Amino acid sequence: MKILICTIKSWNLVQAQKLKEYYGKTHEVFIISDPGLLLPETANINPDYIFFPHWSYMIPSQIHAKYKCVVFHMTDLPFGRGGSPLQNLIARGIYQTKISAIRVVDQLDAGPVFMKEDLKLDGPAEEIFKRAADIIFTKMIPFILEENPEPLEQQGQVVTFRRRKPEEGEITQDMPLYQIYDYIRMLDAEGYPPAYISFGKYQLEFSGASYQDGKLTAAVEFVEKKEEVH
(Lines give C-alpha, C1' and ligand atoms only; values in the text may rest on other atoms or scores of the structure.)
Protein backbone atom coordinates (compact mmCIF):
# COMPACT_ATOMS: atom_id res chain seq x y z
CA MET A 1 0.00 0.00 0.00
CA LYS A 2 1.23 3.50 -0.82
CA ILE A 3 0.65 6.17 1.84
CA LEU A 4 1.25 9.89 1.44
CA ILE A 5 1.49 12.11 4.52
CA CYS A 6 1.19 15.88 4.01
CA THR A 7 2.07 18.05 7.01
CA ILE A 8 3.94 21.27 7.80
CA LYS A 9 4.65 21.16 11.54
CA SER A 10 7.89 19.82 12.99
CA TRP A 11 6.21 17.52 15.52
CA ASN A 12 4.16 15.85 12.79
CA LEU A 13 7.21 15.45 10.55
CA VAL A 14 8.98 13.61 13.39
CA GLN A 15 5.98 11.31 13.83
CA ALA A 16 5.64 10.79 10.08
CA GLN A 17 9.25 9.63 9.87
CA LYS A 18 8.63 7.15 12.70
CA LEU A 19 5.58 5.84 10.87
CA LYS A 20 7.62 5.45 7.70
CA GLU A 21 10.20 3.39 9.56
CA TYR A 22 7.50 1.31 11.29
CA TYR A 23 5.76 0.41 8.03
CA GLY A 24 8.99 0.12 6.06
CA LYS A 25 8.48 -3.53 5.14
CA THR A 26 4.73 -3.48 4.52
CA HIS A 27 3.80 -0.05 3.11
CA GLU A 28 5.51 2.65 1.09
CA VAL A 29 5.26 5.90 3.05
CA PHE A 30 5.95 9.26 1.39
CA ILE A 31 6.10 12.61 3.21
CA ILE A 32 5.39 16.09 1.79
CA SER A 33 5.84 19.37 3.69
CA ASP A 34 5.79 21.73 0.69
CA PRO A 35 2.23 22.50 -0.54
CA GLY A 36 3.64 23.24 -3.98
CA LEU A 37 4.59 19.58 -4.35
CA LEU A 38 1.16 18.17 -3.54
CA LEU A 39 -0.20 17.95 -7.09
CA PRO A 40 2.91 16.65 -8.91
CA GLU A 41 3.99 14.25 -6.16
CA THR A 42 0.51 12.80 -5.76
CA ALA A 43 0.37 12.10 -9.48
CA ASN A 44 3.79 10.42 -9.33
CA ILE A 45 3.04 8.33 -6.23
CA ASN A 46 -0.61 7.40 -6.92
CA PRO A 47 -1.25 6.73 -3.21
CA ASP A 48 -3.95 4.55 -1.67
CA TYR A 49 -4.36 7.02 1.20
CA ILE A 50 -3.35 10.65 1.71
CA PHE A 51 -3.29 11.85 5.32
CA PHE A 52 -3.32 15.56 6.19
CA PRO A 53 -2.41 16.12 9.87
CA HIS A 54 -2.23 19.90 10.57
CA TRP A 55 -2.30 20.98 6.91
CA SER A 56 -3.22 24.67 6.59
CA TYR A 57 -3.81 24.75 2.84
CA MET A 58 -6.78 24.05 0.61
CA ILE A 59 -6.78 20.55 -0.85
CA PRO A 60 -7.60 20.75 -4.58
CA SER A 61 -10.75 18.96 -5.70
CA GLN A 62 -8.77 17.01 -8.31
CA ILE A 63 -6.88 15.46 -5.38
CA HIS A 64 -9.69 14.59 -2.98
CA ALA A 65 -12.05 13.50 -5.75
CA LYS A 66 -9.56 10.92 -7.04
CA TYR A 67 -7.75 9.80 -3.88
CA LYS A 68 -8.86 8.73 -0.41
CA CYS A 69 -7.91 11.86 1.55
CA VAL A 70 -8.14 12.02 5.35
CA VAL A 71 -7.88 15.23 7.35
CA PHE A 72 -7.66 15.44 11.15
CA HIS A 73 -9.67 18.18 12.86
CA MET A 74 -9.38 19.04 16.55
CA THR A 75 -13.10 19.21 17.34
CA ASP A 76 -16.01 16.83 17.83
CA LEU A 77 -17.47 17.45 14.38
CA PRO A 78 -19.86 18.84 13.22
CA PHE A 79 -19.22 21.14 16.20
CA GLY A 80 -16.29 23.43 15.44
CA ARG A 81 -15.93 23.28 11.68
CA GLY A 82 -13.56 25.94 10.39
CA GLY A 83 -10.35 27.68 11.40
CA SER A 84 -8.25 27.90 14.57
CA PRO A 85 -10.00 25.01 16.34
CA LEU A 86 -7.64 24.83 19.32
CA GLN A 87 -7.76 28.56 20.01
CA ASN A 88 -11.51 28.78 19.48
CA LEU A 89 -12.12 25.91 21.88
CA ILE A 90 -9.94 27.29 24.67
CA ALA A 91 -11.28 30.83 24.19
CA ARG A 92 -14.74 29.34 24.81
CA GLY A 93 -13.57 27.61 27.99
CA ILE A 94 -13.65 24.13 26.42
CA TYR A 95 -10.81 21.96 27.73
CA GLN A 96 -11.77 18.52 26.42
CA THR A 97 -12.30 17.73 22.76
CA LYS A 98 -11.98 15.00 20.15
CA ILE A 99 -9.80 14.60 17.10
CA SER A 100 -12.05 13.79 14.16
CA ALA A 101 -10.59 11.90 11.20
CA ILE A 102 -12.74 12.77 8.20
CA ARG A 103 -12.82 12.20 4.46
CA VAL A 104 -12.01 15.38 2.54
CA VAL A 105 -14.90 16.83 0.52
CA ASP A 106 -15.51 20.16 -1.20
CA GLN A 107 -17.10 21.76 1.88
CA LEU A 108 -14.62 22.54 4.66
CA ASP A 109 -14.59 19.98 7.51
CA ALA A 110 -17.91 18.52 6.36
CA GLY A 111 -16.80 15.08 5.22
CA PRO A 112 -17.89 11.75 6.69
CA VAL A 113 -16.09 10.57 9.83
CA PHE A 114 -13.74 7.57 9.93
CA MET A 115 -13.17 7.75 13.70
CA LYS A 116 -12.72 10.05 16.70
CA GLU A 117 -10.29 10.06 19.63
CA ASP A 118 -10.36 12.02 22.90
CA LEU A 119 -7.91 14.90 23.44
CA LYS A 120 -7.30 16.99 26.56
CA LEU A 121 -6.54 20.68 26.03
CA ASP A 122 -4.38 21.36 29.08
CA GLY A 123 -0.90 22.88 28.81
CA PRO A 124 0.63 25.10 26.12
CA ALA A 125 -0.53 24.81 22.52
CA GLU A 126 2.65 23.15 21.26
CA GLU A 127 2.35 20.47 23.93
CA ILE A 128 -1.27 19.88 22.88
CA PHE A 129 -0.30 19.64 19.23
CA LYS A 130 2.41 17.11 20.05
CA ARG A 131 -0.07 15.11 22.12
CA ALA A 132 -2.50 15.17 19.18
CA ALA A 133 0.24 14.10 16.78
CA ASP A 134 1.02 11.09 18.96
CA ILE A 135 -2.65 10.06 18.91
CA ILE A 136 -2.97 10.59 15.16
CA PHE A 137 0.15 8.66 14.19
CA THR A 138 0.09 5.84 16.75
CA LYS A 139 -3.67 5.20 16.96
CA MET A 140 -5.71 6.78 14.20
CA ILE A 141 -3.65 6.29 11.05
CA PRO A 142 -2.76 2.66 11.95
CA PHE A 143 -6.45 1.91 12.67
CA ILE A 144 -7.56 3.35 9.33
CA LEU A 145 -4.84 1.47 7.44
CA GLU A 146 -5.52 -1.84 9.15
CA GLU A 147 -9.32 -1.73 9.40
CA ASN A 148 -10.18 0.35 6.32
CA PRO A 149 -13.36 1.66 8.01
CA GLU A 150 -16.25 3.09 6.02
CA PRO A 151 -16.72 6.74 7.07
CA LEU A 152 -20.12 7.79 8.39
CA GLU A 153 -21.88 11.08 7.73
CA GLN A 154 -21.60 13.68 10.50
CA GLN A 155 -24.51 13.84 12.95
CA GLY A 156 -25.67 16.81 15.03
CA GLN A 157 -25.86 20.59 14.88
CA VAL A 158 -23.24 22.33 12.77
CA VAL A 159 -21.24 25.00 14.62
CA THR A 160 -18.68 26.88 12.54
CA PHE A 161 -15.54 28.55 13.87
CA ARG A 162 -13.94 31.58 12.24
CA ARG A 163 -10.17 31.62 11.84
CA ARG A 164 -8.76 33.89 14.52
CA LYS A 165 -6.59 36.87 13.60
CA PRO A 166 -3.29 37.83 15.31
CA GLU A 167 -4.85 40.95 16.86
CA GLU A 168 -7.34 38.72 18.68
CA GLY A 169 -4.48 37.53 20.86
CA GLU A 170 -4.33 40.88 22.67
CA ILE A 171 -4.60 40.69 26.46
CA THR A 172 -6.89 43.35 27.88
CA GLN A 173 -7.23 44.87 31.36
CA ASP A 174 -10.65 43.38 32.04
CA MET A 175 -9.52 39.76 31.66
CA PRO A 176 -9.36 37.54 34.77
CA LEU A 177 -6.05 35.76 35.36
CA TYR A 178 -7.29 32.36 34.19
CA GLN A 179 -8.34 33.88 30.85
CA ILE A 180 -4.97 35.59 30.43
CA TYR A 181 -3.33 32.24 31.12
CA ASP A 182 -5.51 30.59 28.47
CA TYR A 183 -4.70 33.29 25.93
CA ILE A 184 -0.96 32.88 26.46
CA ARG A 185 -0.93 29.09 26.35
CA MET A 186 -3.33 28.67 23.43
CA LEU A 187 -0.94 30.65 21.20
CA ASP A 188 2.31 29.26 22.62
CA ALA A 189 3.43 27.11 19.68
CA GLU A 190 5.68 27.12 16.65
CA GLY A 191 4.36 29.36 13.90
CA TYR A 192 1.65 31.11 15.97
CA PRO A 193 1.59 34.84 16.83
CA PRO A 194 1.87 35.10 20.63
CA ALA A 195 -0.54 36.66 23.08
CA TYR A 196 0.51 40.25 23.70
CA ILE A 197 -0.07 43.57 25.44
CA SER A 198 0.38 46.85 23.61
CA PHE A 199 2.71 49.11 25.64
CA GLY A 200 3.58 52.41 23.98
CA LYS A 201 6.03 51.77 21.17
CA TYR A 202 6.49 48.19 22.35
CA GLN A 203 4.51 45.00 22.09
CA LEU A 204 4.92 42.71 25.10
CA GLU A 205 4.75 39.11 23.87
CA PHE A 206 4.16 36.26 26.32
CA SER A 207 5.05 32.58 26.48
CA GLY A 208 5.74 29.83 29.01
CA ALA A 209 2.75 30.64 31.22
CA SER A 210 2.06 28.92 34.55
CA TYR A 211 -1.06 29.42 36.66
CA GLN A 212 -1.04 28.00 40.18
CA ASP A 213 -2.64 29.03 43.47
CA GLY A 214 -4.16 32.11 41.86
CA LYS A 215 -0.78 33.36 40.60
CA LEU A 216 0.16 33.72 36.94
CA THR A 217 3.76 33.78 35.74
CA ALA A 218 5.06 33.96 32.18
CA ALA A 219 8.09 34.94 30.12
CA VAL A 220 7.82 38.25 28.31
CA GLU A 221 9.66 39.70 25.33
CA PHE A 222 9.61 43.42 24.52
CA VAL A 223 9.30 43.84 20.75
CA GLU A 224 9.46 47.27 19.17
CA LYS A 225 6.45 47.88 16.98
CA LYS A 226 7.00 48.32 13.29
CA GLU A 227 6.11 51.75 11.96
CA GLU A 228 3.07 51.66 9.70
CA VAL A 229 3.68 52.73 6.13
CA HIS A 230 1.03 55.12 4.82
Side-chain angles (χ1 to χ4, degrees), residues 5-13 15-16 33 35 50-59 64 69-141 143-144 151-171 178-195 207 209:
I5 298 172
C6 304
T7 188
I8 57 174
K9 296 300 183 183
S10 60
W11 48 84
N12 283 324
L13 291 169
Q15 291 282 2
S33 59
I50 309 178
F51 295 104
F52 293 89
H54 211 138
W55 184 256
S56 301
Y57 305 93
M58 292 300 295
I59 300 168
H64 67 72
C69 297
V70 184
V71 70
F72 300 88
H73 193 72
M74 201 181 285
T75 70
D76 188 2
L77 292 170
F79 175 84
R81 292 181 185 177
S84 310
L86 173 59
Q87 291 74 28
N88 275 301
L89 288 168
I90 293 178
R92 287 165 168 78
I94 299 171
Y95 304 120
Q96 178 76 34
T97 188
K98 291 184 181 293
I99 304 171
S100 298
I102 62 171
R103 182 96 185 235
V104 179
V105 296
D106 284 326
Q107 187 179 353
L108 185 64
D109 301 325
V113 180
F114 289 96
M115 63 181 302
K116 295 181 180 182
E117 286 286 339
D118 292 332
L119 178 67
K120 293 182 178 180
L121 300 181
D122 54 324
E126 189 156 325
E127 182 180 296
I128 297 170
F129 287 135
K130 289 178 179 179
R131 192 183 309 139
D134 184 64
I135 293 169
I136 289 167
F137 282 93
T138 65
K139 291 185 178 181
M140 303 182 82
I141 291 178
F143 178 84
I144 292 170
L152 302 176
E153 294 300 323
Q154 296 180 22
Q155 300 292 326
Q157 182 180 357
V158 175
V159 176
T160 303
F161 289 165
R162 177 181 53 79
R163 184 172 296 279
R164 292 176 64 89
K165 300 176 181 179
E167 57 267 26
E168 292 179 271
E170 183 175 13
I171 296 168
Y178 76 85
Q179 188 177 11
I180 296 174
Y181 168 67
D182 276 350
Y183 263 54
I184 295 172
R185 73 183 185 89
M186 75 184 193
L187 294 166
D188 195 356
E190 169 192 312
Y192 284 81
S207 62

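Every value quoted in this text rests on a predicted model; they were computed, and no experiment measured them.
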Task: Minimum side-chain heavy-atom gap L152-V113 below 4.5 Å - done: no
- [ ] Before accepting this row, confirm whether a basic side-chain N of the pair R92/D182 lies closer than 4.0 Å to the acidic partner's carboxylate O.
- [x] no
Open item on the list: Donor-acceptor pair, distance only, cut-off 3.5 Å: does the side chain of H73 make one with the backbone of G80?
Closed with: yes
Open item on the list: If I compare all heavy atoms of P112 with all of P151, which pair ends up nearest, and what's the gap?
Closed with: CB-CB, 3.6 Å
Open item on the list: With a 4.5 Å cut-off on side-chain heavy atoms, are I128 and K120 touching?
Closed with: no
Open item on the list: Would you call the rings of F129 and Y192 parallel, tilted or perpendicular, taking 30° and 60° as the class edges?
Closed with: parallel
TODO: With R164 as the cation and Y183 as the aromatic partner, state whether NZ or CZ is under 6.0 Å from the six-membered ring centre and within 45° of the axis.
DONE: yes
Task: Rounded distance (nearest 0.5 Å) linking atom CD of Q179 with atom CD1 of I184 - done: 11.5 Å
Task: M115 backbone acceptor or donor facing K98 side chain under 3.5 Å - done: no
Task: Gap between atom CG of D76 and atom CG of L119 - 0.5 Å precision - done: 11.5 Å
- [ ] Could you go through the side chain to side chain contact (heavy atoms under 4.5 Å, CB included) check for D188 and E127 one step at a time?
- [x] CA-CA 9 Å; D188 195 356; E127 182 180 296; over 6 Å; no
Open item on the list: Between N12 (side chain only) and T7 (backbone N and O only), is there a donor and an acceptor less than 3.5 Å apart?
Closed with: no
- [ ] Determine, using ring centers only, whether F72 and F137 are less than 6.0 Å apart.
- [x] no
Open item on the list: On a heavy-atom basis, which atom in P193 and which in L187 lie closest, and how many Å separate them?
Closed with: O-CB, 3.5 Å
Open item on the list: Just so I know, are the side chains of L89 and Y95 near enough to count as touching, which here means a heavy-atom distance under 4.5 Å?
Closed with: no
Open item on the list: Are the side chains of C69 and F51 in contact, using a 4.5 Å heavy-atom criterion?
Closed with: no
Task: Donor-acceptor contact present, side-chain R103 to main-chain V70, <3.5 Å - done: no
- [ ] List the steps and the verdict of side chain to side chain contact (heavy atoms under 4.5 Å, CB included) for D134 and Q15.
- [x] CA-CA 7 Å; D134 184 64; Q15 291 282 2; 3.7 Å; yes
Open item on the list: Just verifying a value: how many Å separate I135 CD1 and I141 CD1, rounded to the nearest 0.5 Å?
Closed with: 12.5 Å
Open item on the list: Treating Q154 as the side-chain partner and D109 as the backbone partner, does any N or O pair qualify as donor plus acceptor under 3.5 Å?
Closed with: yes
Open item on the list: Does any part of the side chain of R185, heavy atoms only, come nearer than 4.5 Å to the side chain of I90, both counted from C-beta?
Closed with: yes
Task: From F114 atom CZ to I102 atom CD1, the distance as rounded to the nearest 0.5 Å - done: 9.5 Å
Open item on the list: Testing the basics here: between P78 and G156, what is the closest heavy-atom pair and its distance to 0.1 Å?
Closed with: CG-O, 3.6 Å
Task: Least distance between heavy atoms, A101 atom then M140 atom - done: CB-CE, 3.8 Å
- [ ] First locate atom CD of Q87, then atom CZ of R163, and finally report the distance between them rounded to the nearest 0.5 Å.
- [x] 9.0 Å
- [ ] Using modelled atom types only, decide if a donor and an acceptor are shared between the side chain of S100 and the backbone of T75 within a distance under 3.5 Å.
- [x] yes
Open item on the list: Going by side chain to side chain contact (heavy atoms under 4.5 Å, CB included), L121 matches just one of R131, M74, M186. Which one?
Closed with: M74
Open item on the list: Rounded at 0.5 Å granularity, tell me how far CG in L86 sits from NE2 in H54.
Closed with: 8.5 Å
Open item on the list: I'd like to know if the side chain of R162 reaches the main chain of N88, judged simply by a donor and an acceptor atom lying under 3.5 Å from each other, with no hydrogens or angles considered.
Closed with: no
